[in-house]
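Note that ligands are numbered from 1 as they come in the structure, with each ligand's atoms numbered from 1 the same way. The basis for the numbers below is simple: all heavy atoms, side chains too, and nothing from hydrogens, waters or symmetry mates.
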Amino acid sequence: AKNEGRNRFHYFTPAMQAAAELRRRIANDLRTAIAGNQLQLYYQPIVDLASGSIHKAEALLRWRHPEKGFISPEVFVPIAEETRMIVEIGDWVFRQAAKQVAVWQAAYHRDFQISVNKSPVQFLIENRAKSSWIEYLREHQLGEHSIVVEITESLLLDANDRVTKRLLEFRDAGIEVAIDDFGTGYSSLSYLKKFDIDYLKIDKSFVHNITPQSNDMVLCDAIISMAHRLGIKVIAEGVETEAQRDLLAAAGCDYAQGYYFSRPISAPEFEASLLDGASA
Ligand code: C2E
Ligand code: CA
Ligand code: CA
Ligand code: CA
């Protein structure tokens, strides 16, 4: 274009334009996704490494778009965050998970627990004095420890008063807190003494390459012993092989999740493959 030199910083390449257009369309379609029943929760079992029992699962969003088919949360969650639709979607996720956990506690094990991911954006723009999640749990008489909220380190590093207050309310209401993707974001650990954390989830990038002598094994060992001395339980993510499972179990890791045990699956599949025939 003629003014390219001067307007360099405003110039969009066709590829950038196409990407922006796609984002805009996904944002539009996302607005109707909840009402149109296109969102679904899948559940990935979290296995107790000592006993092999499964009393926990992580809820993960799935979007079946009527024309485009399956869209990954890696794609649409960031767009939902930008447009703030993540608040409404996150509330839907929470209510679905709370309904599901009540069913599985009754049918399978009274301590069954479901964790939900909560984006920092949800904490930052929620404005109600009291969390509707806590009201929901109270109204539906769900027991303590029914729900875990997975948050990322970044939320705690620049936690303002509202975030801190909300986390304390969660604690009072029996909602547990897990740090997701632990080890990937920040070098500061000081938030671990400031906040009462229940679980650390070791990011799958550390688990992927562990072998007995590897640096990743050293890091996993260190995270596990530090967490335990702080009274925090450890969940390893992304466990894909028996060897990884065995190394983590030997290191004293409490829980693991990953394709080795099961991919995230629908609620009916979860019931069929894991809850069927099991006793409380
Ligand atoms: P995450 O919270 O770290 O979730 C773990 C991701 O690892 C999931 O991807 C899961 O399917 C995948 N995974 C599980 N086991 C393995 C394994 O053995 N190997 C490998 N390579 N991957 C494994 P998914 O379901 O595509 O979700 C991607 C991300 O989207 C999540 O990462 C989370 O950040 C976000 N997300 C998903 N559901 C929600 C939600 O309800 N709310 C919010 N705010 N974010 C969500
Ligand atoms: Ca997570
Ligand atoms: Ca994670
Ligand atoms: Ca993540």
Side-chain angles (χ1 to χ4, degrees), residues 26 30 33-34 38-47 49 54 56-64 69-101 113-126 133 147-155 176-186 197-210 216 220 223 234-245 247-248 253 255-267 269-270:
I26 289 178
L30 202 46
I34 297 183
Q38 296 165 22
L39 295 183
Q40 223 187 320
L41 283 187
Y42 269 35
Y43 297 90
Q44 187 174 38
I46 298 175
V47 180
L49 283 173
I54 296 168
K56 300 180 193 296
E58 178 177 5
L60 292 157
L61 263 171
R62 295 291 177 263
W63 181 14
R64 303 223 173 261
F70 168 77
I71 301 177
S72 165
E74 308 265 17
V75 171
F76 74 82
V77 167
I79 295 171
E81 290 177 331
E82 275 170 44
T83 55
R84 302 183 164 204
M85 276 184 277
I86 195 66
V87 173
E88 189 190 342
I89 293 172
D91 284 344
W92 179 85
V93 167
F94 169 79
R95 286 194 306 274
Q96 287 294 115
K99 275 182 215 157
Q100 189 63 74
V101 80
Q113 188 178 52
I114 292 179
S115 51
V116 296
N117 293 281
K118 187 162 185 178
S119 149
V121 174
Q122 289 170 265
F123 281 92
L124 298 178
I125 66 183
E126 271 175 347
W133 293 18
I147 297 288
V148 180
V149 172
E150 299 196 2
I151 59 176
T152 49
E153 294 164 86
S154 61
L155 180 77
E176 299 194 320
V177 176
I179 306 292
D180 207 353
D181 305 339
F182 183 76
T184 55
Y186 296 86
I197 301 299
D198 299 287
Y199 303 98
L200 288 186
K201 300 192 74 171
I202 301 180
D203 190 67
K204 51 180 171 283
S205 60
F206 294 104
V207 171
H208 196 72
N209 296 311
I210 48 169
D216 283 329
C220 287
I223 293 171
V234 180
I235 302 170
E237 292 189 327
V239 175
E240 294 183 353
T241 67
E242 187 176 14
Q244 291 166 351
R245 195 263 325 255
L247 286 171
L248 289 158
C253 185
Y255 302 95
Q257 74 187 97
Y259 298 164
Y260 173 70
F261 304 103
S262 169
R263 289 180 176 262
I265 48 182
S266 69
E269 287 174 304
F270 196 98

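Residue Q44 places a heavy atom less than 4.0 Å from ligand 1. The closest approach between a heavy atom of G90 and any atom of ligand 1 is not below 4.0 Å. Between R62 and ligand 1 there is a heavy-atom distance shorter than 4.0 Å. At least one heavy atom of E58 sits less than 4.0 Å from an atom of ligand 1. Residue D180 places a heavy atom under 4.0 Å from ligand 1.
Between the side chain of Q244 and the backbone N or O of H208 there is at least one donor-acceptor pair closer than 3.5 Å. Judged by distance alone, with hydrogens and angles left aside, the side-chain atoms of Q100 form no donor-acceptor pair with the main-chain N or O of Q96 at under 3.5 Å. With D180 contributing its side chain and T152 its backbone, the two residues share no donor-acceptor pair below 3.5 Å.
For E150, the salt bridge (Lys or Arg N to Asp or Glu O under 4.0 Å) partners at least two apart in sequence or on another chain are K201.
Shown in contact with V93 at under 4.0 Å from a heavy atom are these atoms of ligand 1, numbered in order with element: 41 (O). Contact atoms of ligand 1 toward D181: 3 (O) (distance under 4.0 Å to a heavy atom of the residue). Every atom of ligand 1 with a heavy atom of P264 under 4.0 Å away is listed here by number and element: 11 (O). Ligand 1 places these atoms under 4.0 Å from at least one heavy atom of E240: 17 (C), 18 (O), 19 (N), 20 (C), 21 (N). Numbered from 1 in the order shown, with element, the atoms of ligand 1 that lie under 4.0 Å from a heavy atom of E237 read 3 (O). Close approach to S119 involves these atoms of ligand 1, each under 4.0 Å from a residue heavy atom: 44 (N). Close approach to G258 involves these atoms of ligand 1, each under 4.0 Å from a residue heavy atom: 15 (N), 18 (O). Taking every non-hydrogen atom of V239 and a distance limit under 4.0 Å, the qualifying atoms of ligand 1 come out as 18 (O).
Checking only distances, K204 does come within under 3.5 Å of ligand 1, N or O to N or O. Residue-to-ligand polar distances keep S72 apart from ligand 1: every N/O pair is separated by 3.5 Å or more.
Nearest-residue assignment for atom 41 (O) of ligand 1 (options L61, I151, T184; heavy-atom criterion): L61. Closest heavy-atom approach to atom 43 (C) of ligand 1 among the candidates T152, N117, V116: N117.
Within E150, OE1 is the N, O or S atom that lies nearest to the Ca ion (ligand 2). The Ca ion (ligand 3) sits nearest to atom OE2 when only the N, O or S atoms of E237 are considered.
Checked by atom type, the side-chain pair N117/E58 shows a donor-acceptor distance below 3.5 Å.
No more than 12 heavy atoms of other residues, nucleotides or ligands shown are found within 6.0 angstrom of CD on E88.
Inclusion of S115 in the first shell of the Ca ion (ligand 2) is not supported: no N, O or S atom falls under 3.0 Å. Counting backbone and side-chain atoms alike, E58 contributes an N/O/S atom closer than 3.0 Å to the Ca ion (ligand 2).
Of the listed residues (V239, T241, L248, I202), just one forms a side chain to side chain contact (heavy atoms under 4.5 Å, CB included) with I210, and that residue is L248.
The residue E81 has no part lying near ligand 1, judged by heavy-atom distances below 4.0 Å.
Inter-residue side-chain proximity for E269 and S262 is flagged as unmet; no heavy-atom pair is nearer than 4.5 Å. Taking the side chain as every heavy atom from C-beta outward, V207 and E237 never approach each other to under 4.5 Å. Annotation: side chain of R245 is in contact with side chain of F261 (closest heavy-atom distance under 4.5 Å). Within the 4.5 Å cutoff, no side-chain heavy atoms of S115 are placed close to those of K56. Taking 4.5 Å as the limit, every side-chain heavy atom of V234 sits out of range of all side-chain heavy atoms of F182. Taking the side chain as every heavy atom from C-beta outward, V47 and Y260 never approach each other to under 4.5 Å.
Between F270 and Y43, the ring planes are perpendicular. Angles over 60° get that label, and only those under 30° would be called parallel.
Atoms OD1 of D181 and OD1 of D180, as seen from the Ca ion (ligand 3), are separated by an angle of 90°, to the nearest 10°.
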